[in-house]
Visitor: 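Here you go, one structure.
Predicted, not measured: the structure shown is a model, and the values here were computed from it.
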Amino acid sequence: MIRAFNYAIIFVVLGAFWATWANAADLSADYLQGRWVIDYQDCSSPDAEYMEFNKNGTFEGTRTGNAEIVGFWRLKEGILDLHMVTSPAFFDDLNKELEGFEGIYSYFQGRMVIFNTKNKSFEAFGVIGDEIKRASAVRCP
């Protein structure tokens, strides 16, 4: 029920981004390949969150040089599908009590609409797990 509600909200918000989303639908997977900094403008910060999309369809999300999330990705018609695993023990910004979760991994699925694409940046909006997310990304060298 909550998941259906989240998807309904996405489609309502998509109406506001329809023009830029139409351009994003023309994106190829080559556009996303490489390293991106998320919600931050400086690719040199070790504390920023990074996503690296590999040509073979895998990706990893890193912070402080450590992989926090790994998985598979696909871009089709401006929609980024993510299938990923992570462990709460990897998130330094969460309570230290989660250290007991080492070796325990959870699967999440995400679906993000890519819009406002530029040569070295884009924005995304969608659902990851059971949360609605909006993010911006800047390509890193």
Side-chain angles (χ1 to χ4, degrees), residues 1-43 45-141:
M1 179 77 164
I2 291 175
R3 180 172 276 178
F5 177 72
N6 287 341
Y7 285 123
I9 289 174
I10 288 173
F11 290 119
V12 168
V13 172
L14 282 179
F17 301 114
W18 188 258
T20 55
W21 180 63
N23 292 335
D26 298 333
L27 289 177
S28 71
D30 293 339
Y31 173 79
L32 275 185
Q33 291 173 16
R35 188 170 186 239
W36 300 83
V37 63
I38 307 300
D39 292 333
Y40 202 71
Q41 300 297 314
D42 184 6
C43 289
S45 172
D47 296 325
E49 180 181 0
Y50 297 94
M51 295 290 285
E52 186 158 352
F53 296 97
N54 301 308
K55 186 174 185 170
N56 66 1
T58 62
F59 76 93
E60 71 177 15
T62 60
R63 205 176 341 190
T64 63
N66 297 314
E68 293 181 336
I69 296 173
V70 296
F72 299 95
W73 69 278
R74 181 179 80 147
L75 179 67
K76 185 175 180 184
E77 297 178 1
I79 306 289
L80 175 62
D81 283 318
L82 301 167
H83 297 273
M84 61 203 114
V85 293
T86 188
S87 171
F90 285 105
F91 293 95
D92 293 332
D93 54 341
L94 296 177
N95 193 320
K96 291 293 183 186
E97 292 177 15
L98 293 177
E99 290 175 354
F101 284 88
E102 285 186 27
I104 297 173
Y105 295 88
S106 299
Y107 166 79
F108 295 94
Q109 182 180 3
R111 181 166 268 198
M112 305 289 287
V113 175
I114 304 294
F115 65 98
N116 200 16
T117 57
K118 297 184 176 136
N119 188 29
K120 295 187 177 194
S121 66
F122 68 87
E123 292 182 65
F125 182 84
V127 175
I128 295 180
D130 60 356
E131 295 182 24
I132 297 173
K133 298 280 189 179
R134 181 174 178 159
S136 61
V138 174
R139 184 181 296 280
C140 294

Visitor: Could you give all pairs that pass the salt bridge (charged side-chain N to carboxylate O under 4.0 Å, His left out) test and reach residues 30-39, with sequence neighbours left out?
Guide: none

Visitor: What residues form a side chain to side chain contact (heavy atoms under 4.5 Å, CB included) with Lys118, not counting sequence neighbours?
Guide: Asn116, Ser121

Visitor: Only counting residues at least two apart or in another chain, list the ones meeting side chain to side chain contact (heavy atoms under 4.5 Å, CB included) with Ala137.
Guide: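 Residues passing side chain to side chain contact (heavy atoms under 4.5 Å, CB included) with Ala137: Trp36, Ile38, Phe122.
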
Visitor: With sequence neighbours left out, what residues match Lys120 under side-chain hydrogen bond (donor to acceptor under 3.5 Å, both in side chains)?
Guide: none

Visitor: Determine yes or no for a side-chain-to-main-chain donor-acceptor pair under 3.5 angstrom, with Arg74 supplying the side chain and Ile79 the backbone.
Guide: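 No, Arg74 side chain to Ile79 backbone: no donor-acceptor pair under 3.5 Å.
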
Visitor: State, to 0.1 Å, how close Asp42 and Tyr50 come at their nearest heavy-atom pair, and which atoms those are.
Guide: O-OH, 3.9 Å

Visitor: How many angstroms lie between NZ in Lys76 and OG in Ser28, if you round to the nearest 0.5 Å?
Guide: 14.5 Å

Visitor: Mind checking side-chain hydrogen bond (donor to acceptor under 3.5 Å, both in side chains) for Asp47 and listing every partner two or more places apart, or none if nothing turns up?
Guide: none

Visitor: Restricting to non-hydrogen atoms, name the atom on Arg63 and the atom on Ala48 that form the minimum distance, rounded to 0.1 Å.
Guide: CG-O, 3.4 Å

Visitor: With heavy-atom distances below 4.5 Å as the criterion, would you say the side chains of Tyr105 and Thr86 are in contact?
Guide: no

Visitor: Might you point out which heavy atoms bring Tyr40 and Val138 nearest each other, and give the distance in Å?
Guide: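 Closest heavy-atom pair between Tyr40 and Val138: O-CG2, 4.1 Å.
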
Visitor: Could you give the distance from CZ (Phe108) to CD (Glu131), rounded to the nearest 0.5 Å?
Guide: 8.5 Å

Visitor: Are Trp73 and Phe59 near enough that their ring centres are under 6.0 Å apart?
Guide: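 Centroid distance Trp73-Phe59: not below 6.0 Å, so no.
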
Visitor: If I take atom CG from residue Leu75 and atom CG from residue Leu80, how far apart are they, to the nearest 0.5 angstrom?
Guide: 6.0 Å

Visitor: Just jot down the side chain to side chain contact (heavy atoms under 4.5 Å, CB included) partners of Phe72, sequence neighbours excluded, or say none.
Guide: Thr58

Visitor: Just how far is it from atom CG of Leu82 to atom CD of Gln109, taken to the nearest 0.5 Å?
Guide: 9.0 Å

Visitor: Could you tell me which non-hydrogen atom of Tyr107 sits nearest to which non-hydrogen atom of Val85, and how far apart they are?
Guide: CA-CG1, 4.2 Å

Visitor: Glu49: what forms a salt bridge (charged side-chain N to carboxylate O under 4.0 Å, His left out) with it, not counting sequence neighbours?
Guide: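 Testing Glu49 for salt bridge (charged side-chain N to carboxylate O under 4.0 Å, His left out), a comparison that skips the adjacent residues, returns none.
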
Visitor: On a heavy-atom basis, which atom in Leu32 and which in Arg139 lie closest, and how many Å separate them?
Guide: N-NH2, 4.5 Å

Visitor: Using every non-hydrogen atom in the two residues, find where Met84 and Ile128 come nearest and quote the distance to one decimal.
Guide: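 Nearest heavy atoms, Met84 then Ile128: CE-CG2, 3.8 Å.
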
Visitor: How many angstroms lie between OG1 in Thr117 and CD in Glu123, if you round to the nearest 0.5 Å?
Guide: 10.0 Å

Visitor: Show me the pairs that pass disulfide bond (SG atoms under 2.5 Å apart) and involve residues 109-141, at least two apart or across chains.
Guide: Cys43-Cys140

Visitor: Check the surroundings of atom CG in Asn56: do more than 12 heavy atoms from other residues, nucleotides or ligands lie under 6.0 Å from it?
Guide: yes

